[in-house]
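Below is one structure, written out as structure tokens; the observations come after it.
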Amino acid sequence: MIPNPGDPAGIIRFNFCTVERTSPIKSMTQEAKSTTSSRKKTPPPPARPGSHSSTATGPVFTHYQAAVQLVQQGKYEKAIVAFEKVLPSAPPEIVERCKMYISTCRRQLDKEGLAFLTPGERYDYAVSQINAGDFEEAANQLKGILADDPRADFAFYGLALLYSITGKTQDCLDSLSQAIELNPKNRLQARSDNDFQSMVDDPRFTELLYPELP
């Protein structure tokens, strides 16, 4: 031990440090607890809303699957209409898939030259084009139906819808008048059809739908 210069000569001081001894049993118990806690599994995070697991069931997914089957069967016109119906209530991931399939169906129809088996299929395709905003293509298909069958009241009704949406008031009135003349049931349908919203303030439209009013 080195002498401290400040102490009286000949006196040597010793510093003792106290060592705390841990019980072997207590140490082993703490180690066991530490090991056990380190082995605990972290619970999996809850599924996020809108995840695939939350959309794998339910009516929306059922309709989506039915539309996919139509694609697989080569019924592209019907598939487009089915996907269009799914879009408004579908979650984001299903919406993206629907849009992808709709594009695929349209490409297939282009390749096949739009060969429709029935006027009904052609009409469904025209409606899908209205929903997609391709009004020119929709008008061409509806007029094509009338070229084959001038008494196809549903085609006149479809044109009336198209003209209402595009703001062609007189064309809408003319087409709807033809549709009602060929089939009076179209009058009742038009009364509750929201696609004629742009026409409700026109007195000629009201007179056409409610001829019994004074």
Using 0.5 Å steps for rounding, measure from the [atom1] atom of [X] to the [atom2] atom of [Y].
{"X": "H63", "Y": "K85", "atom1": "NE2", "atom2": "NZ", "result": "9.0 Å"}
{"X": "E121", "Y": "T118", "atom1": "CD", "atom2": "OG1", "result": "4.0 Å"}
{"X": "R191", "Y": "L208", "atom1": "CZ", "atom2": "CG", "result": "10.0 Å"}
{"X": "N131", "Y": "L87", "atom1": "CG", "atom2": "CG", "result": "9.0 Å"}

Heavy-atom count around Q170 CD within 6.0 Å, excluding the residue itself: above 12?
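Atom CD in Q170 is crowded, with more than 12 foreign heavy atoms closer than 6.0 Å.
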Are side-chain heavy atoms of F83 and V68 found at a separation under 4.5 Å?
yes
Where the side chain of S164 meets the backbone of C172, is there a donor-acceptor pair that is under 3.5 Å apart?
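Not confirmed, S164 side chain does not pair with C172 backbone.
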So if you build clusters from Ile, Leu, Val, Met, Phe, Trp, Tyr with side-chain heavy-atom gaps below 4.5 Å, do [X] and [Y] land together?
{"X": "V95", "Y": "L70", "result": "no"}
{"X": "I80", "Y": "Y101", "result": "yes"}
{"X": "Y125", "Y": "V86", "result": "yes"}
{"X": "M199", "Y": "I180", "result": "yes"}
{"X": "L146", "Y": "I130", "result": "yes"}

Contact list for [range], test salt bridge (Lys or Arg N to Asp or Glu O under 4.0 Å), sequence neighbours left out:
{"range": "residues 143-155", "answer": "R122-D148"}
{"range": "residues 198-211", "answer": "D202-R204"}
{"range": "residues 165-186", "answer": "none"}

Partner set under salt bridge (Lys or Arg N to Asp or Glu O under 4.0 Å) for [X], not counting sequence neighbours:
{"X": "D134", "value": "none"}
{"X": "R187", "value": "none"}
{"X": "E84", "value": "R106"}

Taking the six-membered ring for Trp, are Y157 and F196 ring centroids under 6.0 Å apart?
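Yes.
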List the steps, then state whether side-chain hydrogen bond (donor to acceptor under 3.5 Å, both in side chains) holds for Q69 with Q65.
CA-CA 6 Å; Q69 289 179 353; Q65 286 182 315; over 6 Å; no
